[in-house]
Amino acid sequence: ELKVEQNPLFLSMQEGKNYTIYCNYSTTSDRLYWYRQDPGKSLESLFVLLSNGAVKQEGRLMASLDTKARLSTLHITAAVHDLSATYFCAGSPTGNTGKLIFGQGTTLQVKP
Amino acid sequence: KAGVTQTPRYLIKTRGQQVTLSCSPISGHRSVSWYQQTPGQGLQFLFEYFSETQRNKGNFPGRFSGRQFSNSRSEMNVSTLELGDSALYLCASGKGPGSENYGYTFGSGTRLTVV
C-alpha cells in the first residue's frame, strides 16, 4: 500500500532564503503531484511529475522526482512572504491512477 | 473556463442525520474523486467515479457513498452522521483514465460540521 511522507512538517524561514521540502513514498507510484493550500482554501495544483529525473520549475519553486530513491523534492529559492502556505505531495498507486495518496503537508511560514 | 463547483460551501448537521454534497466538474472532465480533509487525518481519498462507475474506493465505512450522473456531476452522501465526520470535503475533477498527466483540479470544498 502506498504511503507518502513529507518532511519537515513545519518550516519557518526568512525571506530570501532557500529551502527544500522532501517527499518520500513507499512503493511505486505512477506519478507525483505537488499542491499548495492557503488557509481555508482549496488545493492548487503546482506540478505533475511523470518520470525519473523529471524537473519542473515555476517561479521560485522547483520540483524534481527520483523514482529509484522514491523521493520527490520541492525546492524554494529566495523565499517571499507570498509563498507562505501548506504544500502537499501526493502519489498515485500503480494501477489506481485516479486515487491520490497525500503526504501530511508541510506548512511553510516565510517571515519578512 | 468554469472551475470545479461544490455545493453547498458550508453545512451544519446534527448527529444521526444524513447529508448530500454535490460536485460539478470542469466541462469535459469525466472523472470526479472525493477527499476528506481533517486536521488529525489529513487528506484521505474517499472514492473516484468515471463515466458513472466507481473506479476506486478508499477505506471509509459504508455510510459514505457516492454516485455520478450522465453529465459527470457527482454527489456524495453520508448517512448517520457522526461527530468525526466533521471535515472539509473536497472533490477533484480530471479528464479520466489516460489523462492523469494533466493532473486534477480541486473545488473549493464543502465544510461540514456535525453537532
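Note on naming: letters A, B, ... go to the chains in the order of the sequence lines (proteins, then strands), and numbering restarts at 1 for each one.
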Gap separating the CD atom of Gln104(A) from the CG atom of Leu43(B), nearest 0.5 angstrom: 11.0 Å

Heavy atoms only: give me the nearest Ser42(A)-Phe106(B) pair and the separation to one decimal. OG-CB, 3.4 Å

CG/Leu43(A) to CD/Gln37(B) distance, rounded to the nearest 0.5 angstrom? 6.0 Å

With only heavy atoms counted, which part of Leu90(B) is less than 4.5 Å from chain A, the side chain, the backbone, both or neither? side chain

Hydrophobic clusters here meaning ILVMFWY residues chained together by side-chain heavy-atom distances under 4.5 Å, can you tell me if Tyr87(A) and Phe10(A) are in one? no

Take a 6.0 Å sphere around CD of Glu5(A) and say whether it holds more than 12 heavy atoms from other residues, nucleotides or ligands. no

Hey, is OH on Tyr19(A) packed in by over 12 heavy atoms from elsewhere, all under 6.0 Å? no

In terms of heavy-atom pairs under 4.5 Å with chain A, which of Ala92(B), Ser33(B), Ser31(B), Gly107(B) leads? Gly107(B)

Taking side chain as C-beta onward, heavy atoms only, is Leu88(B) less than 4.5 Å from Lys41(A)? no

With a 4.5 angstrom heavy-atom cut-off, is it the side chain or the backbone of Phe47(A) that approaches chain B, or both, or neither? neither

More than 12 foreign heavy atoms under 6.0 Å from CG of Leu71(A): is that the case here? yes

Ignoring hydrogens, what is the shortest heavy-atom contact between Leu100(A) and Phe45(B)? Give both atom names and the distance. O-CB, 3.9 Å

Kindly check if the number of other-residue, nucleotide or ligand heavy atoms within 6.0 Å of OH (Tyr22(A)) is above 12? no

What about Val48(A) and Leu74(A), same hydrophobic cluster or not, with Ile/Leu/Val/Met/Phe/Trp/Tyr joined at side-chain heavy-atom distances under 4.5 Å? no

Does the gap between the ring centers of Tyr35(B) and Phe102(A) come in under 6.0 Å? yes

Count the heavy atoms belonging to other residues, nucleotides or ligands that lie under 6.0 Å from CZ of Arg15(B), then report whether that count exceeds 12. no

